[in-house]
Amino acid sequence: MKALVYHGPGRRSWDEVPDPKIRADGDVIVRITSATICGTDLHILNGDVPEVKPGTVLGHEAVGIVAEKGPGVTTVEIGDRVLVSCITSCGRCRFCKEARYGLCTGGGGWILGHLIDGVQAELARIPFADTSVYKVPEELTDEQVLFLADILPTAYEVGVIAGDVKPGDTVAIVGAGPIGLAAVMTAKLLTPGRIVAIDIADRRLEKARRFGADVTINNSREDAADTVFRLTDNLGADVAIEAVGVPESFELCTDLIRAGGRVANVGVHGKPATLHLEKLWIRDVTITTGLVDTNTTARLLKLVTEGRLDPLPFATHRFPLESTMSAYDTFAAAAETDALKVVLEAEPKMLEPATDKTLAGATA
Ligand SMILES: NC(=O)c1ccc[n+]([C@@H]2O[C@H](COP(=O)([O-])OP(=O)(O)OC[C@H]3O[C@@H](n4cnc5c(N)ncnc54)[C@H](O)[C@@H]3O)[C@@H](O)[C@H]2O)c1
Ligand SMILES: [Zn+2]
Ligand SMILES: [Zn+2]
């Protein structure tokens with residue numbers, strides 16, 4: 001089969017590699033129909049995630065059809081269309097029993113495209129299928145569910161839920177990339193009073209307004225903390241969601257938060273950020289961090305099915321799966337291409353709803 005292979009920092013190629021095989025009773029082999037690229041894949045290519053060994057197939061977000069299953073798999077059948085999520089769950093360890101799948105110690109967690117081969121490929125082996133993949137309702141397209149593999153549960157769980165967004169709250173979201181925009185979208189599920197999006201790129205702020213931010217601040221030109229204090233009668237934001245991953249954006253969150261407020265850090269940090277306890281200790285601020293657990297994926301899937309959540313605006317570019325190399329170039333140059341999420345489509349014709357053809361066939 002063909003797959004996007006990591007060959008060490010700065011090196012990737014679209015290679016012919018051996019087809020994956022069932023290795024454990026709980027495995028399935030999925031024929032990928034749609035996949036996408038994550039900012040984390042770019043971190044890997046930068047050499048920031050040294051656990052990823054050269055030769056690994058990248059990718060941890062996909063939809064596909066179950067092509068083979070191990071003898072222990074009982075909840076999915078060959079031919080089922082499934083969402084493959086960034087987090088795999090063994091279902092048995094103490095963390096999986098608490099629905100903290102991201103912390104799985106039984107062989108799951110973030111393994112795809114990290115510790116084992118991932119899903120930017122024609123085929124992928126998915127361990128612990130019973131507790132790790134989600135059947136996709138027939139009426140939904142791949143693209144409608146693809147972003148539930150990572151950005152939507154990440155923003156919702158690590159940002160919105162950890163930040164305990166409440167009706168009426170002023171929610172400041174620092175960073176308006178895919179994660180920050182997914183935080184805008186999922187914060188709205190909880191009816192905040194006002195969403196303030198903060199970024200250094202005007203084009204991202206424009207997107208934030210389209211996704212539902214009420215106020216936008218470009219913090220390369222404006223003192224964002226000052227503006228947030230002005231907007232909130234000098235109190236500060238009730239919730240601040242950090243969706244960048246650099247020291248300045250974390251420190252900005254702790255500057256613009258109100259006393260008793262909550263800072264939810266989502267960004268992946270490569271460098272230490274300063275925690276200003278000398279200012280924060282007396283203000284009763286709660287700070288949370290975390291890796292996504294994907295324990296809200298089923299709930300988000302229900303919201304998409306009911307038409308209450310529409311992830312389609314994240315898809316800005318589409319490529320055939322075999323053009324994954326060009327898709328990486330487009331995604332990595334987001335500042336020029338305006339890319340949010342790129343969709344890699346295998347055999348797109350097969351993904352079209354078959355109704356018209358079926359009906360034509362039936363009447364002929
Ligand atoms: N915790 C988790 O489980 C988890 C999962 C997935 C991704 N992440 C992390 O979330 C973060 C955001 O992901 P993304 O894909 O949206 O990233 P991205 O790089 O596409 O977007 C980041 C945005 O931040 C803006 N920005 C940069 N510096 C800034 C600053 N000083 N102040 C304000 N804005 C600034 C950029 O203009 C950009 O729009 C990353 O660090 C990513 O690794 C975390
Ligand atoms: Zn990811
Ligand atoms: Zn586990």
Side-chain angles (χ1 to χ4, degrees), residues 35-44 46 48-49 58-62 85-114 118-120 127-128 131-132 147 149-159 162 172-184 197-208 216-222 224 241-253 256 264-271 273 288-294 314 331-332 334-335 338-341:
T36 180
I37 306 173
C38 179
T40 305
D41 298 322
L42 301 182
H43 278 300
I44 295 171
N46 276 335
D48 300 341
V49 193
L58 295 186
H60 51 261
E61 307 168 62
S85 153
C86 60
I87 301 293
T88 302
S89 155
C90 82
R92 298 169 176 211
C93 73
R94 64 157 289 191
F95 291 117
C96 284
K97 285 182 176 165
E98 293 172 5
R100 303 181 70 179
Y101 312 126
L103 299 178
C104 176
T105 54
W110 174 38
I111 56 171
L112 291 172
H114 178 208
V119 299
Q120 288 159 7
F128 308 116
T131 42
S132 301
F147 311 127
D150 188 341
I151 56 167
L152 283 159
T154 296
Y156 184 47
E157 292 170 20
V158 190
I173 299 173
V174 182
I179 295 280
L181 296 173
V184 172
I198 301 167
D199 201 295
I200 52 175
D202 286 330
R203 279 152 84 162
R204 284 282 165 94
L205 291 171
E206 162 68 35
K207 290 226 154 85
T216 56
I217 303 172
N218 185 321
N219 62 320
S220 70
R221 293 197 297 264
E222 218 180 305
I241 297 177
E242 196 287 333
V244 186
V246 296
E248 308 84 78
S249 50
F250 174 76
E251 290 161 32
L252 173 58
C253 288
L256 57 71
N265 179 84
V266 189
V268 172
H269 290 261
K271 284 195 240 144
T288 59
T289 71
L291 169 68
V292 62
D293 286 311
T294 66
F314 284 106
F331 182 67
D338 257 350
L340 287 179
K341 292 296 271 183

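In each ligand, atom 1 is the first atom listed, and ligand 1 is the first ligand listed.
- A heavy-atom distance below 4.5 Å is found between the side chains of Thr294 and Cys86.
- The shortest N or O to N or O distance between Val292 and ligand 1 is below 3.5 Å.
- The two residues Ala339 and Phe331 make their nearest non-hydrogen contact at CB-CA, 4.2 Å.
- Looking at Cys38 next to ligand 1, no N or O pair under 3.5 Å apart turns up.
- Nearest to atom 21 (O) of ligand 1 among the protein's heavy atoms is Gly177 CA, 3.4 Å.
- Note: an N/O pair closer than 3.5 Å links Val268 and ligand 1 by distance alone.
- Using a 4.0 Å threshold on non-hydrogen atoms, atom 19 (O) of ligand 1 does not count as touching the protein.
- Between Cys104 and Gly109, the closest heavy-atom pair is CB-N, 3.6 Å.
- Nearest heavy atoms, Ser85 versus Leu112: O-CD1, 3.7 Å.
- Applying the side-chain hydrogen bond (donor to acceptor under 3.5 Å, both in side chains) rule to Arg92 yields no partners; only residues at least two apart in sequence or on another chain are considered.
- Protein heavy atom nearest atom 16 (O) of ligand 1, with residue, atom name and distance: Ile179 N, 2.9 Å.
- Taking each heavy atom of His60 and Val119 in turn, the nearest pair found is N-CG2, 3.6 Å.
- When non-hydrogen atoms are compared, ligand 1 lies under 4.0 Å from the backbone of Pro178 as well as from its side chain.
- Remark: Phe147 CZ to Leu152 CG distance equals 8.5 Å, nearest 0.5 Å.
- Nearest heavy atom pair, residue Ala172 against residue Leu256, reads CB-CD1, 3.7 Å.
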Which donor-acceptor pairs under 3.5 Å do side chains of residues 35-44 form with protein atoms, sequence neighbours excluded?
residue: Thr36; atom: OG1; partner: Val342; partner atom: O; Å: 2.8
residue: Asp41; atom: OD2; partner: Cys38; partner atom: N; Å: 2.9
residue: Asp41; atom: OD2; partner: Gln120; partner atom: NE2; Å: 3.1
residue: His43; atom: ND1; partner: Asp48; partner atom: OD2; Å: 3.1

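- Some N or O of Arg204 is nearer than 3.5 Å to an N or O of ligand 1, by distance alone.
- Take a cut-off of 2.8 Å around the Zn ion (ligand 2): the protein N, O or S atoms inside it are Cys38 SG, His60 NE2, Asp150 OD2.
- Within ligand 1, the atoms closer than 4.0 Å to a non-hydrogen atom of Leu291 are 3 (O), numbered from 1 in the order shown.
- Side-chain N or O atoms of Thr131 include one that pairs as donor or acceptor with a backbone N or O of Ser89 at under 3.5 Å.
- When hydrogens are left out, the protein atom nearest atom 1 (N) of ligand 1 is Gly290 O, 2.8 Å; that is the closest non-hydrogen contact.
- Annotation: atom 44 (C) of ligand 1 to nearest protein heavy atom, Val266 O, 3.1 Å.
- Closest protein heavy atom to atom 32 (N) of ligand 1: Asn219 ND2, 3.1 Å.
- The CD1 atom of Ile200 sits 14.5 Å away from the CD1 atom of Ile217 when rounded to the nearest 0.5 Å.
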**Request:** Output, in order, the C-alpha distance, side-chain angles, deciding distance and verdict of side chain to side chain contact (heavy atoms under 4.5 Å, CB included) for Leu291 and Ile87.
**Result:** CA-CA 10 Å; Leu291 169 68; Ile87 301 293; 4.3 Å; yes
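- Against a heavy-atom cut-off of under 4.0 Å, His43 is close to the following atoms of ligand 1: 43 (O).
- To the nearest 0.5 angstrom, Asp202 atom CG is 4.5 Å from Asn218 atom CG.
- Counting heavy atoms closer than 4.0 Å to ligand 1, residue Asp150 contributes side-chain atoms (C-beta onward) but none from N, CA, C or O.
- The two residues Thr216 and Ala208 have their closest heavy-atom pair at CG2-CB, 4.3 Å.
- Not a single N or O atom of Gly267, backbone or side chain, sits closer than 3.5 Å to an N or O atom of ligand 1.
- Proximity of Thr154 to ligand 1, defined as any heavy-atom pair under 4.0 Å, is confined to the side chain (atoms from C-beta onward).
- Of all atoms in ligand 1, numbered sequentially from 1 with element shown, those under 4.0 Å from a heavy atom of Gly175 are 24 (O).
- In terms of protein heavy-atom proximity, atom 22 (C) of ligand 1 is nearest to Ala243 O, 4.0 Å.
- Around the Zn ion (ligand 3), the protein contributes the following N, O or S atoms at distances under 2.8 Å: Cys90 SG, Cys93 SG, Cys96 SG, Cys104 SG.
- For ligand 1, the polar-atom distance check against Asp199 finds a nitrogen or oxygen pair separated by under 3.5 Å.
- Here the side chain of Asp199 pairs a donor or acceptor atom with the backbone of Ala176 at under 3.5 angstrom.
- Among Val174, Ile198, Asn265, the one residue that satisfies the side-chain contact (heavy atoms from CB on, under 4.5 Å) test with Val244 is Val174.
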**Request:** With side chain to side chain contact (heavy atoms under 4.5 Å, CB included) as the test, would you mind laying out the steps for Lys207 and Val184 before giving the verdict?
**Result:** CA-CA 11 Å; Lys207 290 226 154 85; Val184 172; over 6 Å; no
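- Proximity of Cys93 to Glu98: side-chain heavy atoms (C-beta onward) are nowhere separated by under 4.5 Å.
- Under a 3.5 Å cut-off, the side chain of Glu242 and the backbone N or O of Gly245 do form a donor-acceptor pair.
- In terms of polar-atom proximity, Val244 is counted as a contact of ligand 1, with an N or O under 3.5 Å from an N or O of the ligand.
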